Protein chains: 2
Amino acid sequence: METQIDNLLKRNQLSVTGSRKKILELFLASRGALAHGDIEKKTGEKFDRVTVYRTLQVFLEKGIIHTIPTADNSIRYALCKDECSEGHHHDNHVHFICTTCGNTTCLADVTIPEVKLPVGFKATEFQMLVNGVCMECQ
Amino acid sequence: METQIDNLLKRNQLSVTGSRKKILELFLASRGALAHGDIEKKTGEKFDRVTVYRTLQVFLEKGIIHTIPTADNSIRYALCKDECSEGHHHDNHVHFICTTCGNTTCLADVTIPEVKLPVGFKATEFQMLVNGVCMECQ
DNA sequence: AAATTATTTGCAACAAAGTTGCATAGTTGC
DNA sequence: GCAACTATGCAACTTTGTTGCAAATAATTT
Ligand SMILES: [Mn+2]
Ligand SMILES: [Mn+2]
Ligand SMILES: [Zn+2]
Ligand SMILES: [Zn+2]
């Protein structure tokens, strides 16, 4: 019997290894986004730091996860919901950062509004970050 | 005769020192936002790395500059236009990141559109990042 | 199922980025 | 100009990220 995780990896032409499975598990288990440091802590001594870097790198390239910019020098990563692929991501949703618990959430149902740019600027991607207090922390 | 820069510092109850003046100069001279690394390079051997860190820190606290989140672990800093103060910033404008030249621009005239959040989420701040090609790089 | 091939991992060594304590230098207010 | 205060540079350190390479593991072939 093949698990959901194994399938996800194979579908992306990735060999199925312990670290990849474990890191995907973490993403599936966590509500919000994860920083590199989070993953390192949660996988504990199981994997080398370098492996975590390389795994995230590969997942990004394959469109399995996407990045969320932050203002504190610690990129967050979250699973792509839709069918994002090698080059093309379709994560046009808003990201919410709770100032109380620190969690970053993908608001998958909140679409980023369009915005008019000054003449001369050509946009290829819009991102929206919202700071505030999340559901659990009210 | 007092310069614009000296005044800005005094108005914020900061002592007027070489590094602070130089770093403010840099911000005033540059079109876009600056990363810590940029500043370090441009100030050359004039100042210690630690001084740059501490200066940016102070400017942030005083509301002289604001941060711009990025997806590459290198926060950008830009001068606050309006009267931002100690605690309260009013930089509700869109930030544009050119994928060609790498420059980050404050689009001071482009206001961030409001967006409805799911029940339970309370927003305190909205940020918007746009990637694309800037005026000069077309 | 064993052997071959290809890929991934951990380790070591390193580079870059960021932090802290403290003596010295510089700035401010009188 | 002097005393009080504040900022700076330096050193030492931690944390974060990168690279090359040999050993381990996974996929593919026979
Ligand atoms: Mn997301
Ligand atoms: Mn700005
Ligand atoms: Zn929260
Ligand atoms: Zn440009």
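We use all heavy atoms of the structure for the numbers below, so side chains are in, but hydrogens, waters and symmetry mates are not. Numbers restart at 1 for each chain; the letters A, B, ... are given by sequence-line order, proteins then strands. Bear in mind that the values here come from a model prediction, so they are computed numbers and not experimental data.
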Establish whether the base of D:dG17 is bridged to the side chain of A:Arg54 by a donor-acceptor pair shorter than 3.5 Å. no
Could you give the OH-to-P distance, from A:Tyr53 to D:dG17, as a whole number of Å? 3 Å
Counting the atoms with a prime plus P, OP1 and OP2 as sugar-phosphate, which does B:Arg49 contact under 4.0 Å by heavy atoms, base, sugar-phosphate, or nothing? base
Is the backbone of A:Ile112 close enough, under 3.5 Å, to the side chain of A:Asn92 for a donor and an acceptor to pair up by distance? no
Closest heavy-atom pair, B:Cys80 versus B:Ile65, reported as atoms and distance to 0.1 Å, is SG-C, 3.5 Å
Check this one for me: any side-chain N or O of A:Ser19 less than 4.0 Å away from OP1 or OP2 of C:dT9? yes
Assign each of A:Gly37 and A:Gly18 to its nearest nucleotide of DNA chain D by heavy atoms, then name whichever residue's nucleotide is nearer the 5' end. A:Gly37
Using a heavy-atom cut-off of 4.0 Å across all strands, would you classify B:Val58 as base, sugar-phosphate, or nothing? nothing
Note: for B:Ser15 and A:Thr17 on DNA chain C, the residue whose nearest nucleotide lies more 5' is A:Thr17
In whole Å, I'd like the distance from the CD atom of A:Glu40 to the C1' atom of C:dG10. 14 Å
In this structure, how many angstroms lie between the C1' atom of C:dT28 and the CG atom of B:Asp6, rounded? 14 Å
CD1 of B:Ile75 versus P of D:dT16: gap in Å, rounded? 14 Å
A:Asp48 has an atom CG; how far is it from atom C1' of D:dG20, in whole Å? 14 Å
To the nearest angstrom, how far is A:Phe47 atom CZ from C:dT8 atom C1'? 12 Å
Separation of C:dG10 atom C1' from A:Lys46 atom NZ, nearest Å, is 15 Å
Take A:Ser19 and A:Arg54 through the side chain to side chain contact (heavy atoms under 4.5 Å, CB included) test and state the conclusion after the steps. CA-CA 10 Å; A:Ser19 51; A:Arg54 293 198 267 225; over 6 Å; no
Rounded to whole Å, how long is the line connecting atom CG of A:Asn73 with atom C1' of C:dT19? 14 Å
Between B:Leu9 and B:Arg20, is any pair of side-chain heavy atoms under 4.5 Å apart? yes
Please state whether the rings of B:His36 and B:Tyr53 are parallel, tilted or perpendicular, taking 30° and 60° as the class boundaries. parallel
Mapping B:Gln13 and B:Val50 onto DNA chain D by nearest heavy atom, which one lands closer to the 5' end? B:Gln13
